[in-house]
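Working notes, structure below.
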Amino acid sequence: MHTDVNQLFAALWDDYVEMTPSAAKVHQLLAKGETIINDHIALRTFNIEKVNLSVLAKHFESLGYVACGDYNFEAKKLKAKHFEHPDPKQPKVFISELMVEAFSPELQATVKALVEEVDVAATHAENFLYSGRHWELDYSTYEALLAESEYAAWVAAFGYRANHFTVSINHLPGYNTILEVNETLKQGDFVLNSVGGEVKGSAEVLLEQSSTMADRITVDFKDAQKAIPSCFYEFALRYPQADGELYTGFVAASADKIFESTNNG
């Protein structure tokens, strides 16, 4: 496991940009030479013991992160937690896991077979959180998973890596609202996730979010090469709570729509 939080996020970022070529362009467009602060990253997994949420969380907990919130996505059959570091400048971490037992026997069997291929030692290795796929996958298996759960298909295709990074609009020079950020992105020909509106959330729930739709990249399956949706970039504006501190949690209703940024549009 990493001993330095900044090194871990640098490695996660390098892998993410490789999966998400548009992210570097968005970063450049918004940064204008300034440093961009990352609000949070998100990781996806299955709730099977060898690779479940707590296995991923240990990598962050060893660096001082603590669990701060629980979330349940009934329609997508997911559970999630978010983690925060004692240093508020460090990104928050949102980890979700698929409730595999809630799906068809076929999906359960497929996912269990994939996870069986994972070496337990790999899950403790320093690079696990950006190590990608640990199993063979053919395209028809991906399609069968996709028919039942976009999330299951994404994890099967991409394995362990950041599903998205998130620009903190609160720390973005030259922007005061999420609408200004969205407008800049659209003028730059980036496609935004419009499920539930381009802006998810509101000042009332203390968090506004938007995101690009995932890039499509060519993935090597056992029997084919296919272009499928990879990762996306998110943008978050947080509002102060009653005590004046910025809200640090997540809003399940908004996150539910953000998950759709990786849908096959």
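Fair warning: this is a prediction, and the values are worked out from it, not measured in the lab.
When only modelled atom types and interatomic distance are considered, Ser261 and Ser211 share a side-chain donor-acceptor pair under 3.5 Å. Donor-acceptor pairing under 3.5 Å is recorded for the side chains of His134 and Ser131. Between Gln90 and Asn38, the side chains place no donor N or O within less than 3.5 Å of an acceptor N or O (distance only, hydrogens not considered). With 3.5 Å as the limit, one finds a donor-acceptor pair spanning the side chains of Glu84 and Thr248.
With ring centers used as reference points, Tyr160 lies under 6.0 Å from Phe128. Phe221 has its ring centre less than 6.0 Å from the ring centre of Tyr139. Residues His164 and Phe232 place their aromatic rings such that the two centres sit under 6.0 Å apart. Within the 6.0 Å centre-distance limit, the rings of His40 and Phe250 are counted as a close aromatic pair. For Phe259 and Phe73, the ring centers are positioned less than 6.0 Å apart.
Nearest heavy-atom pair across Ala162 and Tyr16 is O-CD1, 4.0 Å. Contact between Leu145 and Ala152 at its shortest, heavy atoms only, is CD1-O, 4.1 Å. Gly244 and Pro240 get closest at one heavy-atom pair: O-CB, 3.7 Å. Summarising the geometry of Tyr233 relative to Phe165, their closest heavy-atom pair is CD2-O, 3.3 Å, with the distance given to 0.1 Å. Among all heavy-atom pairs drawn from Trp135 and Ala156, the shortest one is NE1-O, 2.7 Å.
Ion pairing between a basic and an acidic side chain is recognised when a charged N comes within 4.0 Å of a carboxylate O; Asp220 and Lys226 show no such pairing. Remark: Lys50 does not engage Glu116 in a salt bridge, criterion side-chain N to carboxylate O under 4.0 Å. A salt bridge is defined here as a Lys NZ or Arg NE, NH1 or NH2 lying under 4.0 Å from an Asp or Glu carboxylate O, and Glu150 with Arg44 meets this definition.
Residues Val155 and Phe46 form a side-chain contact, since some pair of their non-hydrogen atoms from C-beta on lies under 4.5 Å apart. In this structure, the side chains of Glu260 and Met213 stay at 4.5 Å or more apart for every pair of heavy atoms. Using a 4.5 Å cut-off on side-chain heavy atoms (C-beta onward), Ile41 and Phe60 make contact. Taking the side chain as every heavy atom from C-beta outward, Thr166 and Phe235 never approach each other to under 4.5 Å. For the pair Pro229 and Trp154, the minimum side-chain heavy-atom distance is 4.5 Å or more. Counting heavy atoms from C-beta on, the side chains of Ser254 and Leu207 never come closer than 4.5 Å.
A cation-pi arrangement is present between Lys77 and Phe103 under the rule of less than 6.0 angstrom and at most 45 degrees off the ring axis. In this structure, Arg133 fails the cation-pi test against Tyr142, since its NZ or CZ atom is not both closer than 6.0 Å to the six-membered ring centre and inside 45 degrees of the ring normal.
For Glu49, the CD atom is loosely surrounded, since the number of other residues' heavy atoms within 6.0 Å does not exceed 12. Around the CD atom of Gln241, the shell of radius 6.0 Å holds more than 12 heavy atoms that belong to other residues, nucleotides or ligands. Taking a 6.0 Å sphere around NZ of Lys89, one finds it holds 12 or fewer heavy atoms contributed by other residues, nucleotides or ligands. Other residues, nucleotides and ligands contribute only 12 or fewer heavy atoms inside 6.0 Å of the CD atom of Gln28. The environment of Lys79 atom NZ is sparse: at most 12 non-hydrogen atoms of other residues, nucleotides or ligands sit within 6.0 angstrom.
Applying side chain to side chain contact (heavy atoms under 4.5 Å, CB included) to Ile48 and the options Leu114, Val111, Val55, Val118 leaves one that passes, Val111.
The aromatic rings of His85 and Tyr65 sit perpendicular, their planes meeting at an angle over 60°, well past the 30° parallel limit.
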> Please walk me through it: do Arg238 and Asp39 pass salt bridge (charged side-chain N to carboxylate O under 4.0 Å, His left out)?
Replying inline: CA-CA 9 Å; Arg238 296 180 177 276; Asp39 180 86; 2.7 Å; yes
